[in-house]
Amino acid sequence: MKKIVLLTIVTAMLVGCNTPERKAQRVLEQMTIRQKVAQLMMVSVDSYNPPAKRANRDSLVREEGIGGLIIMHDSIIRSAVRLNELQALSPIPLLVSVDGEWGPSMRYSAFPFFPRQMQLGALTDDSLVYEMGKAVAEECRVMNILINFAPVADININPNNPVINTRSFGEDRDKVTRMAIAYMRGMQDGGIYACAKHFPGHGDTDVDSHKALPVLPFTRERLDTLELYPFRELIRQGVAMVMIGHLNIPTLDDAVSTLSYPIVTDLLKKEMGFDGIVVTDALNMRGVSETLSPAEVTLAAYKAGVDLLLMPDDVKQSIDMIEAAVVKGECSEQDLNERVMKILVMKAKAGMLDEGYSAQIDTTGLNERACFAEHQQLIQQLSDRSITYLSGSQQNGECRMLNAERKTAYVAYNATYVPMKRQYGEQEGLSGFCPESGITENGTFLYRTLTDKMGSAIDYFTLSRDANQEQVEALNAALADYEHILFVCHDPAGRPKDDLIVPEHVSWLSPIMDERTTLIHFGTPYGMNHLPWIQQVGGILIGYADSQVNQIAVSKILLGEIEPQGKLPVSAGGFQAVGGKR
């Protein structure tokens, strides 16, 4: 009996020695203060960095021992080779992260393009969002990506928000919260770490923090009941990381939120009880500080309580300054150890500290493996269930179907664009901010799909955003005898535009904007705010983005193959958003 008890104790001790925490502790005990500080640094990388920047990244990994990388726009094969090179230089395996709000396709065109969060906010339930999270995690693992900086938990209640906008699930706090939790759970169940952003909330701003500092002049009561609400719930549900946005919130502190101890430590860590990893938004953004040097910004963020310092401009000097602050006793080494342990435990849980672990990406058939045909099917489901139909002042009224016996015109507005492309060596692909890699037909895909399925002609017209009044009036005259007009607006912009129809055209087009016309808009719903006749048309289909899958979904609705199910996630054009109680 004594032998059995002793064996049990010894076994428990051996198992305890191999926990992620113990593995991390053993690594930590061998590190200098400078090496510990370096583990908190995460820098950007792409395979097209010029020689000087490549040498800088090599040095930061090999000599300084930084903790992680964030992938920028790149070709998947070249990126894998570059990541393998850097991992081979690193004394401790590097955390690899991506800002992939709609999946790795935001940075790699080889992966399937999932919808942006606003389109997901049009779904009536969150089950497919969870499945999307799991699919995104599966794609990330192909590139050994362990962190995805998503979901966006900002509530976009400002229609003039230039930077969040379609990146948000919508304006209703309960729907935003529910969808964000589903996306987070899907990713974390799929084996990667999710990150709620941009704390304390970037949704009610009209300034882009990449360019300047947004101000949120709200009371604490307002912040508690709105902006902070999704973050509080995500924390309760176990989100691994929270990203601090570059914001000025006088009610909480005069300092920029990223550099604010009262916001990072007192509010997020202590009051809200978040004990996961706190990460900055990119520290090279203009919204952080106009008075401090890049290294001083990094030090201030560290002193505020941030655990992971993302994309500092001067990494070596940043390490110098934080190391000096610890050595001089301005910052405690115990506090540094606690932060580094979070990073090392994350690596240990992923097996990165195990003997024999390899961080090398298998490049064999990588482009083919990134296609994920089953994910394409999921994306089509997301599109089919999110397209939103509006009729008069109603949501999801009865959509006017196409009828072969009715004289029908199809007007493609802004359909002659050339998709924005970046050359990536062996592979040419759209930038990650473009909505769909599969669009090559300049707006004719929906038209061809409809006519092929109907087996009868629909007359096709185009109207450029550069058209003059004479050309618009000629179009009006040509459409006078048509019984049904499909006016299809294409918005291929990566950043959402509010004016889906240019202001001059709005008044010139008014003669055809009546009950005969179904307005189809592949872009942000906010574009309806600039159309005085929007509730006079026969119906409106919101397609959210100019993607092939959304055009397929719209064709199914117009042909009666599916019912429109999407609910408007933001108020626009006199139509009210549909919320989502949890």
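When reading the values below, keep in mind they use all heavy atoms of this one structure, side chains included, and skip hydrogens, waters and symmetry mates.
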- Under 4.0 Å between a Lys/Arg side-chain N and an Asp/Glu carboxylate O for Asp266 and Lys270? yes
- Item | Close side-chain approach of Leu128 and Leu378, heavy atoms under 4.5 Å | yes
- Task: Drop me the distance from Thr298's OG1 to Met41's CE, to the nearest 0.5 angstrom.
- Result: 6.0 Å
- Give a yes/no verdict on a cation-pi contact between Arg54 and Tyr48, requiring under 6.0 Å between NZ or CZ and the six-membered ring centre and an angle within 45° of the axis. no
- Query: Does Arg82 pair with Asp74 as a salt bridge, N-O distance under 4.0 Å?
  - Reply: no
- So does Asp46 pair up with Lys53, basic N to acidic O under 4.0 Å? no
- Query: Would you call Asp307-Lys269 a salt bridge at under 4.0 Å N-O?
  - Reply: yes
- Message: If the threshold is 4.0 Å, N to carboxylate O, is there a salt bridge linking Lys342 and Asp275?
- Response: no
- Message: On the six-membered ring of Tyr130, is Arg185 placed so that its NZ or CZ lies under 6.0 angstrom from the centre and within 45° of the ring axis?
- Response: no
- Is any side-chain N of the basic residue among Glu323 and Lys36 closer than 4.0 Å to the acidic one's carboxylate O? no
- For the pair Asp99 and Arg107, find out whether any cationic side-chain nitrogen is under 4.0 Å from an anionic carboxylate oxygen. yes
- Query: Is it true that the side chains of Asn144 and Gln360 contain a donor and an acceptor less than 3.5 Å apart?
  - Reply: no
- Query: Thinking salt bridges, do Arg236 and Glu233 make one under a 4.0 Å N-O criterion?
  - Reply: yes
- Show your working on side chain to side chain donor-acceptor pair (under 3.5 Å) between Ser386 and Lys567 and close with a plain yes or no. CA-CA 7 Å; Ser386 58; Lys567 300 291 185 180; over 6 Å; no
